[in-house]
Amino acid sequence: MRATRFFISTTKEAPSEAELASHKLMLRAGLIKRLGSGLYTWMPLGLRVLRRVEAVVREEMNRAGALELLMPAVQPAELWEESGRWAVFGPQMLKIKDRHQRDFCFGPTHEEVITDVARREIKSYRQLPLNFYQIQMKFRDEIRPRFGVMRAREFLMKDAYSFHASRDSLEATYLTMYDAYARVFTRLGLKFRAVAADTGAIGGSGSHEFHVLADSGEDTLAYCPDSDYAANMELAEALPPAAPRDVPTESLREVDTPKQTSCEDVAALLDIPLARTVKLVAYVAGEQMVAVLVRGDHAVNEVKLGKQAGMADFRLAGEAEIREAFACPPGFLGPVGLDRTRIRVLADRSVIEMSDFVCGANKPKLHLAGVNFSRDLPEPDLVADIRNVVAGDPSPDGRGRLELCKGIEVGHVFQLGSKYSQAMNATYLDEAGKAQAMEMGCYGIGVSRVVAAAIEQNHDAKGIIWPKSMAPFLLVIIAIGYGKSEAVKAAADALYADLSTAGIDVLLDDRDERPGVMFADAELIGIPHRVTIGERGLKDGMIEYQPRQNEAAPDGDARSVALADARTFLTGLLKL
RNA sequence: CGGGGUGUAGCGCAGUCUGGUAGCGCGCCUGCUUUGGGAGCAGGAUGUCGGAGGUUCGAAUCCUCUCACCCCGACCA
């Protein structure tokens, strides 16, 4: 491609709304243009990258035996009513009406549609298993779109759905997909980690998320450096404390805390470790007030909380509810002296091991110290793992301690089971001629998000550094004085033709720009390999090669190359 | 949904408090010079000041309404 026939629109400055490096760089490099909140046009340069990611995903899906199809983006409400998700999915779903006032949505996902396909097409166990996938735009009306295409409302997703006659078959395909995903992200040159994930209300026996590792990630991951344990923090188990509860040594007493409404403040006032305080977070589950206890230095994990008995449907209590139930304003709540017929007490495992702890007194401006279970208050109604793990917690597999890191979720594999096939009556006849609900799996990759995630992981002060497998061009020829120098023009044209013939995706920068502009654009856009042709080098029959790289992935060194050897050198370097 | 903020040229911003008819940098156009790291000089174009209504002789500026976008929060009391 010649730059003069392509469309390059780079800028020195990024719009002020862009916060994240990848968002800024995508806008500055002219990969995307914003149309509205969470809506982006993929410009020719950006689309090249997106297509290259798609190509890798498509190849690996095909290799894994999945079959590509394309479902409608717009889906009738009836299907969603069948699965029961029309009401449940909520405001994240963009609902639309046609001219007859019939309800539709712009598909946020395609379980319903594919299940409808399956129930129409699959009659016999002999047709199973099957795995369908598509690469398509989805729309989710995010609460708060941000970070460009990282969390956009319209986004490109690869979604696959598998159908099975047995649990074993589902698990086999699940593993195949897991391996395919690992291949995809490896080929894309990304540092990633697969982690065990929460299966949510759907249940099922398996779910893994694939995260690109980046400090800007929105998800927190827990992993064990000494084993292969890795899980999303939503799921990662906090083991019960090894040590038994100590016997009380202090007596119960009130302490004045006129302004201390948080555990941090109280611990500072009393000059004790935060881990000696107990925090009470008030929830309402159904109609019941629930006092949730965690250690002062811990945080409630609401995903875990939602899995506890009686907590299927819960929310944080409002201030008025708190005052009514505890007869005390927020900031001084504690588990001592509660009316346990009205308030249920749910404690994290780490709390019941504590003795002589500090907590709110249920009186304004007062806390209690020297508090002990059994002596000062009854044991909790339920003890469970309901907190987030923290760095240093023992690994649930018993082989070391957990570390935390941030990740960008780019893939998710999921064993669905028969939730949708049962709800939508997707059955096949088994060997005995009996109708059975199909087992299902689903597998997603956020294609457009992968592009942003790759930039988060691969950029420097000058711009993007594309992994070779997703670069919009593999090599750029910067021709200095292309319009002025016959020698430069001849050499650049010849090399461009040679490399193009050799199948290398090469951009010839034949624009009438100053060298600095061309260098800066090439670096901003992130093209992995650069060749400079100018009269200065050509005098001696030489051209220059320079890789665009970071230390992590050395591509060889900058060097001068004889023009006569350029083709051989470059095709060898690019392994073609 | 709650709180905060911002809308002025393609992009980044000043001007708003204190009303007098719009400016800077980058970019863009023309010419000359320049040509190995985002050029210099000269000249030039571009705005319904987000929208609607109001106050006023006069509104980017004050008032009301509205729209859009961004940030924070929506778990630790």
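Quick note: numbers below take in every heavy atom, side chains included, and nothing from hydrogens, waters or symmetry partners. Letters A, B, ... are given to chains in the order of the sequence lines, protein chains preceding strands, and every chain is numbered from 1.
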Participant: Using 30° and 60° as the class limits, which term best fits the ring planes of A:Phe373 and A:Phe357: parallel, tilted or perpendicular?
Facilitator: tilted
Participant: Quick one: list whatever passes side chain to side chain contact (heavy atoms under 4.5 Å, CB included) with A:Leu563, sequence neighbours left out.
Facilitator: A:Ala491, A:Leu538, A:Ile543
Participant: Name every residue in residues 30-50 of chain A that has at least one heavy atom under 4.0 Å from any atom of RNA chain B, in order of residue number, or write none if there are no such residues.
Facilitator: A:Arg34, A:Ser37
Participant: Heavy atoms under 4.0 Å, any strand shown: does A:Glu264 hit a base, just sugar-phosphate, or nothing?
Facilitator: sugar-phosphate
Participant: Report the residue (A:Glu19 or A:Pro329) whose heavy-atom-nearest nucleotide on RNA chain B is the more 5′ of the two.
Facilitator: A:Glu19
Participant: Would you indicate what A:Ile478 reaches in the nucleic acid, counting non-hydrogen atoms under 4.0 angstrom: base, sugar-phosphate, or nothing?
Facilitator: nothing
Participant: Starting from the C-alpha separation in whole Å, work towards a yes-or-no answer on side-chain hydrogen bond (donor to acceptor under 3.5 Å, both in side chains) for A:Glu302 and A:Tyr283.
Facilitator: CA-CA 10 Å; A:Glu302 294 196 340; A:Tyr283 288 90; 2.7 Å; yes
Participant: Quick check: on RNA chain B, is the nucleotide nearest A:Pro330 upstream (toward 5') of the one nearest A:Asp521, or the reverse? Name the residue that is more 5'.
Facilitator: A:Asp521
Participant: Quick one, A:His459 with A:Ser22, criterion side-chain hydrogen bond (donor to acceptor under 3.5 Å, both in side chains). Give me CA distance, side-chain angles, the key distance, then yes/no.
Facilitator: CA-CA 8 Å; A:His459 69 271; A:Ser22 61; over 6 Å; no
Participant: Can you check the distance between B:G47 and B:G27, where both ends of the measurement are the C1' atom (answer in whole Å)?
Facilitator: 16 Å
Participant: Who is the Watson-Crick or G-U wobble partner of B:C28, with both distances under 3.5 Å?
Facilitator: B:G44
Participant: Between B:C26 and B:C41, how far apart are the two P atoms, rounded to whole Å?
Facilitator: 10 Å
Participant: Taking salt bridge (charged side-chain N to carboxylate O under 4.0 Å, His left out) as the criterion, tell me which of A:Arg349, A:Lys304, A:Arg387 meets it with A:Glu237.
Facilitator: A:Arg349
Participant: Under 3.5 Å, is there an N or O donor on one side and an acceptor on the other linking the side chain of A:Glu544 and the base of B:G36?
Facilitator: yes
Participant: Measuring from the side chain of A:Ile143 (C-beta onward, heavy atoms only), which nucleotide among B:G36, B:C1, B:C76 has the closest atom?
Facilitator: B:C1
Participant: Decide side chain to side chain contact (heavy atoms under 4.5 Å, CB included) for A:Leu574 and A:Phe569; before the verdict, give the C-alpha distance in whole Å, the side-chain angles of both, and the deciding distance to 0.1 Å.
Facilitator: CA-CA 9 Å; A:Leu574 306 180; A:Phe569 168 73; over 6 Å; no
Participant: Would you kindly check whether a donor in the side chain of A:Arg530 faces an acceptor in the base of B:G37, or vice versa, at under 3.5 angstrom?
Facilitator: yes
Participant: Quick one: look up who B:U64 pairs with, Watson-Crick or G-U, both distances under 3.5 Å, and put none if it's unpaired.
Facilitator: B:A52
Participant: Which residue in the set A:Arg530, A:Arg548, A:Arg28 passes salt bridge (charged side-chain N to carboxylate O under 4.0 Å, His left out) when paired with A:Glu523?
Facilitator: A:Arg530
Participant: A:Glu324: what forms a side chain to side chain contact (heavy atoms under 4.5 Å, CB included) with it, not counting sequence neighbours?
Facilitator: A:Arg342
Participant: Base, sugar-phosphate or nothing for A:Arg28? Non-hydrogen atoms, less than 4.0 Å.
Facilitator: base
Participant: Using side-chain heavy atoms (C-beta onward) and a distance below 4.5 Å, is A:Val351 in contact with A:Val383?
Facilitator: no
Participant: Considering only side-chain heavy atoms of A:Phe519, which listed nucleotide, B:C76, B:G36, B:G27, is closest?
Facilitator: B:G36
Participant: Produce the list of close N/O pairs, under 3.5 Å, pairing protein atoms with atoms of nucleotides 32-35 of chain B; give distances to one decimal.
Facilitator:
from: B:U34; atom 1: O2; to: A:Arg514; atom 2: NH1; distance (Å): 2.8
from: B:U35; atom 1: N3; to: A:Lys484; atom 2: NZ; distance (Å): 3.4
from: B:U35; atom 1: O4; to: A:Lys484; atom 2: NZ; distance (Å): 2.3

Participant: Over all strands shown, is A:Gly537 touching base, sugar-phosphate only, or nothing at heavy-atom distances under 4.0 angstrom?
Facilitator: base
Participant: Got a list of protein N/O to nucleotides 8-13 of chain B N/O distances below 3.5 Å?
Facilitator:
from: B:G12; atom 1: OP1; to: A:Ser16; atom 2: N; distance (Å): 3.2
from: B:G12; atom 1: O2'; to: A:Glu13; atom 2: OE2; distance (Å): 3.4
from: B:C13; atom 1: OP2; to: A:Ser16; atom 2: OG; distance (Å): 3.2

Participant: Using a distance-only test with no angle check, is there a side-chain donor-acceptor pair under 3.5 angstrom linking A:Tyr496 and A:Asp510?
Facilitator: no
Participant: Taking any strand in view, what nucleotide pairs with B:C57 in a Watson-Crick or G-U wobble way, both distances under 3.5 Å?
Facilitator: B:G20
Participant: For A:Glu535 and A:Ser485, which I'm curious about, is there any donor-acceptor pair between the side chains at under 3.5 Å?
Facilitator: yes
Participant: Indicate, with a heavy-atom threshold strictly under 4.0 Å, whether A:Leu305 touches base, sugar-phosphate, or nothing.
Facilitator: nothing
Participant: I'd like to check the ring pair (Phe, Tyr, Trp, His ring centres under 6.0 Å) partners of A:Phe326; sequence neighbours left out, ordered by chain and number.
Facilitator: none
